[in-house]
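Data block below; observations after.
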Protein chains: 2
Amino acid sequence: MDKPLSTEEIRPDGQGFLPGLAIDCVIFGFHDNQLKILLLEYRHTDLFALPGGFIRSGENLNDAAKRTLNDRTSLRDIYLDQFYVFGDMSRYDPNPLRTILLKRGLDPVNDHWLLQRFVTVGFYALVDFTKAIPIPDLLSDNCQWHDLATLPPLMLDHNLIVAKALDTLRADLDRKLIVFNLLPETFTMNDLQSLYETILGQPLHRSSFQRKMLGLGILERLKKQYSGGAHKAPYLYRFVHNAPKTQDSLL
Amino acid sequence: MDKPLSTEEIRPDGQGFLPGLAIDCVIFGFHDNQLKILLLEYRHTDLFALPGGFIRSGENLNDAAKRTLNDRTSLRDIYLDQFYVFGDMSRYDPNPLRTILLKRGLDPVNDHWLLQRFVTVGFYALVDFTKAIPIPDLLSDNCQWHDLATLPPLMLDHNLIVAKALDTLRADLDRKLIVFNLLPETFTMNDLQSLYETILGQPLHRSSFQRKMLGLGILERLKKQYSGGAHKAPYLYRFVHNAPKTQDSLL
DNA sequence: CTATATTGTAGCACTTTGCGACAATAATAA
DNA sequence: TTATTATTGTCGCAAAGTGCTACAATATAG
């Protein structure tokens, strides 16, 4: 969180970036009934943090979120959604950043822009963690997927940010079509159901689930999938983008 | 939008406030099947804008929203909710602010903090416009309720902000309990239904609506209301806060 | 006392959802 | 080849929810 991509860019005055405003990305990763989260570990600090960064002077906020994620993790083409702005004073603690600067061999002068108070905009996304292979940036020892159930203590209020992101993800599952971003081009109904169950953290009834999904009219049934398993072959489905679901306001 | 409460506080360097970050409040006002929005008109400028302002250095973001609203309109004790952050470059236009500064007799030096790019956090609330009587601040000629259907062109991207707030309000009507903030202590089922219809902009079926509302288990039926009208007297209801509805995350 | 407008509620059709059952079938074992 | 096994597609309820109509109840106006 709260850092640009390379050491050269860390100027004490923070020129070129909007001051006091940061971005933090909660990247949920799913595969085989596992839900994980992408974390960075700052070099030689034992500090775990969400991938995040800052907005450049001439950059759109939402673009900055994408770029920032790419800078920190080298992940590309990920659909990010805003979910909350964290702006309480209680989240202000310059010590983690001071530690990071020191370990980078930089002088944490007292008016260093990174030691100021930051308000951060939370973004979230959902990807397949076997396909999204992160590469840590120069500031980090590693950039890895962590089990949601066994997250380490995170920097600042990042545990809170994760919790809020998870709430939002669950609430938005039905309304948005986020899940189809991370299934392969074709998938079985069981794949889809497992995904829902893992994210919601509860089992769903097979029959009802299938009815509901087919009822949405956004799935196209393909041929059967003959592959392994001593049982009937399931159909494959494809997600079809048919209608523009975003209903604009009357204004 | 984008201005502190009194002329004295407008320093060219913006000291005491977080730079580049603003708050804008979309205050929906309801009464008698009318839905309105609270707008300020800057002095001698014909510029209409949402009530907004800036975050003080030591202030929580959400607190700043409340204070800002109070500063600009003198409304108090209003429950505000974040709904989106507007951070595109396309919203950056220093001309309206330059005009406002000039009309205030202030020198809009080119590096004046108000002429910089701002990212703004949108908040919204729902109140009764016959009870929430706004008073314009020193910067504004007036602070009035405007019909949603006939909004004037607003400063910067404030029309877009209003549209997005309305979308959010409608989507959140059922999940949150915002509506009960603006009904009197006791109210009839018809009061409640009119409120829903006005906000959603469409008629609802009386019988179904009553069933649904009573089914929520958050209404307590009181005695009947004998008052005017050549017809059967309706029951009064009271909103009861029973269960803490906010279900926290598993983390 | 009658007329009128609105309210509370019952009823019915239709849809949605929870849940169990069963035949179909692909791989494996006999 | 044939039986076994696990999983899938689908049907069939029952329960719950929703759209809509109907009708009796009842304050007030005349």
Side-chain angles (χ1 to χ4, degrees), chain A residues 32-33 170-171 173-175 177 179 183-240 243 245 247, chain B residues 32-33 170-171 173-175 177 179 183-240 243 245 247:
Chain A
D32 277 352
N33 304 352
R170 287 176 174 165
L173 251 199
D174 278 337
R175 282 174 296 157
L177 303 169
V179 291
L183 286 170
E185 174 65 20
T186 64
F187 49 87
T188 68
M189 193 56 73
N190 193 30
D191 293 337
L192 186 57
Q193 183 175 345
S194 297
L195 174 50
Y196 264 77
E197 290 178 335
T198 305
I199 293 173
L200 296 177
Q202 61 181 4
L204 302 172
H205 281 275
R206 192 172 59 92
S207 180
S208 310
F209 181 80
Q210 161 135 321
R211 237 182 340 199
K212 186 170 181 174
M213 284 302 140
L214 294 182
L216 294 179
I218 54 174
L219 292 182
E220 180 189 2
R221 176 176 285 183
L222 308 172
K223 62 181 179 301
K224 293 213 172 192
Q225 182 189 43
Y226 290 70
S227 62
H231 54 76
K232 190 172 178 178
Y235 284 107
L236 287 177
Y237 294 88
R238 188 210 317 273
F239 172 58
V240 287
K245 286 285 181 183
Q247 183 192 357
Chain B
D32 275 354
N33 303 353
R170 287 176 174 164
L173 252 199
D174 278 336
R175 279 175 297 156
L177 304 169
V179 292
L183 286 171
E185 173 66 20
T186 65
F187 50 87
T188 68
M189 193 56 74
N190 194 28
D191 294 337
L192 186 57
Q193 184 176 344
S194 297
L195 175 50
Y196 264 76
E197 290 178 334
T198 305
I199 294 173
L200 295 178
Q202 59 181 2
L204 301 172
H205 281 275
R206 191 172 59 93
S207 180
S208 310
F209 182 80
Q210 161 135 322
R211 239 186 336 201
K212 186 169 180 175
M213 284 302 141
L214 293 182
L216 293 178
I218 54 173
L219 292 182
E220 180 190 2
R221 175 177 284 183
L222 308 173
K223 64 182 178 302
K224 292 213 173 194
Q225 181 189 43
Y226 290 69
S227 62
H231 54 75
K232 189 172 177 177
Y235 285 107
L236 286 176
Y237 294 88
R238 188 209 316 272
F239 172 58
V240 287
K245 285 284 179 182
Q247 182 192 357

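The chains referred to below are lettered A, B, ... by the order of the sequence lines, with proteins before strands, and numbering in each begins at 1. The analysis underlying the following values was restricted to heavy atoms, covering all of them including side chains, and did not include hydrogens, waters or symmetry mates. Everything quoted here is computed from the prediction, not taken from an experiment.
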- Query: B/Q193 has an atom CD; how far is it from atom P of D/dT18, in whole Å?
  - Reply: 15 Å
- Query: Under 3.5 Å, side chain of B/E197 to main-chain N/O of B/L204, donor-acceptor pair present?
  - Reply: yes
- Message: I'd like the 5' and 3' limits of the part of DNA chain C contacted by chain B, with heavy-atom contacts below 4.0 Å.
- Response: C/dT4 to C/dG11
- Message: To the closest 0.5 Å, what do you measure between CZ (B/R170) and CD (B/Q202)?
- Response: 8.0 Å
- Message: Need one value for B/S207: base, sugar-phosphate or nothing, where a base atom within 4.0 Å counts as base even if backbone is also close, heavy atoms only.
- Response: base
- Task: Taking all heavy atoms of B/Y196 and all of B/L173, pick out the closest pair and write down the distance.
- Result: OH-O, 3.6 Å
- Item | Side-chain N or O of A/R221 closer than 4.0 Å to phosphate OP1/OP2 of D/dT10 | yes
- What distance separates B/Y237 OH from B/I218 CD1, expressed to the nearest 0.5 Å? 12.5 Å
- Message: Rounded to whole Å, how long is the line connecting atom NZ of A/K223 with atom P of D/dT8?
- Response: 18 Å
- Task: Find the distance A/H205:NE2 to D/dA14:P and express it as a whole number of Å.
- Result: 18 Å
- Task: For D/dT7, take OP1 and OP2 only and decide whether either is under 4.0 Å from a side-chain N or O of A/N190.
- Result: no
- Expressed in angstrom and rounded to an integer, what is the separation of A/L222 atom CG from D/dG9 atom C1'? 16 Å
- Task: Check the distance between D/dT8's P and A/M189's CE and give it to me in whole angstrom.
- Result: 11 Å
- Just checking, any donor-acceptor pair under 3.5 angstrom between side chains of B/D191 and B/T188? yes
- Item | Matching residue for A/L219 among A/Q210, A/M189, A/R238 - test: side chain to side chain contact (heavy atoms under 4.5 Å, CB included) | A/M189
- Query: Whole-Å distance between D/dT10 C1' and A/M213 CE?
  - Reply: 18 Å
- Query: How far apart are the C-alpha atoms of A/N190 and A/F209, what are their side-chain angles, what is the distance that settles it, and do they pass the side-chain contact (heavy atoms from CB on, under 4.5 Å) test?
  - Reply: CA-CA 10 Å; A/N190 193 30; A/F209 181 80; over 6 Å; no
- Can you tell me how far P of D/dG17 sits from CD of B/Q210, to the nearest Å? 16 Å
- Query: For B/L236 and B/R211, take the nucleotide of DNA chain C holding the closest heavy atom to each; which residue's nucleotide lies nearer the 5' end?
  - Reply: B/L236
- Taking atom C1' of D/dT7 as reference, at what distance in whole Å does atom CG of A/L192 sit? 17 Å
- Task: Between A/R206 and A/A233, name the one whose nearest nucleotide on DNA chain C is closer to the 5' end.
- Result: A/R206
